[in-house]
Amino acid sequence: MKSFIQFSLNGSPVGLLEEESKSLLWLLRTEQELTDINYGCDDRAGENCIVLIEGEPMQASHTTLKQVAGKYVLTTRLAAH
């Protein structure tokens, strides 16, 4: 079932109607075209898809859209500046 999900991404508001169970990585790469976030941490040990959610490092591939609802997400694009 789709839900309306809102959160902040690199300082900009994001709002979308989507499946809550989709991964944050999917959204970042396909909908937001943030290709600096990479696939590659399927073993939960990689760092290719690390983002900061409310200041805590998390793997975007193992984080659902439901988990970021109402939160601030920072990608490596901004974290590196």
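In what follows, residues are counted from 1 in the order of the sequence shown.
Leu9 has its side chain within reach of Leu28: a pair of non-hydrogen atoms, C-beta onward, lies under 4.5 Å apart. Leu27 is listed as a side-chain neighbour of Leu65, based on a closest heavy-atom distance under 4.5 Å.
Checked against side chain to side chain contact (heavy atoms under 4.5 Å, CB included), Ser23 has the following partners two or more places apart in sequence or in another chain: Leu25, Trp26. Scored by the side chain to side chain donor-acceptor pair (under 3.5 Å) test, Gln6 finds no partners at all (sequence neighbours excluded). A search for side chain to side chain donor-acceptor pair (under 3.5 Å) contacts involving Glu19 returns nothing, not counting sequence neighbours. Applying the side chain to side chain donor-acceptor pair (under 3.5 Å) criterion to Ser3, with sequence neighbours excluded, gives Glu20. In this structure, the salt bridge (charged side-chain N to carboxylate O under 4.0 Å, His left out) partners of Glu18, at least two apart in sequence or on a different chain, are Lys22. For Glu54, there are no side chain to side chain donor-acceptor pair (under 3.5 Å) partners, not counting sequence neighbours.
With values rounded to the nearest 0.5 angstrom, Thr75 atom OG1 is found 9.0 Å from Leu52 atom CG. Cys49 SG to His62 NE2: the interatomic distance, rounded to the nearest 0.5 Å, is 6.0 Å. With rounding to the nearest 0.5 Å, the separation of CG in Asn10 from CG in Leu34 is 6.5 Å. Note that CG of Leu16 is 8.0 Å distant from CD of Gln32, once rounded to the nearest 0.5 Å. The CD1 atom of Ile53 lies 10.5 Å from the CD atom of Gln59; values are rounded to the nearest 0.5 Å. In this structure, NZ in Lys71 is found 9.0 Å from OG1 in Thr63, a value given to the nearest 0.5 Å.
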Exercise. Evaluate side chain to side chain contact (heavy atoms under 4.5 Å, CB included) for Val51 paired with Leu74, printing each intermediate quantity in order.
Key: CA-CA 6 Å; Val51 296; Leu74 182 67; over 6 Å; no
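Nearest heavy atom pair, residue Phe7 against residue Val68, reads CB-O, 3.2 Å. When all heavy atoms of Ser8 and Tyr72 are compared, the closest pair comes out as OG-CD1, 3.1 Å.
Side-chain N or O atoms of Gln67 include one that pairs as donor or acceptor with a backbone N or O of Thr64 at under 3.5 Å. Formation of a donor-acceptor pair under 3.5 Å by the Arg29 side chain with backbone atoms of Thr35 is found in this model.
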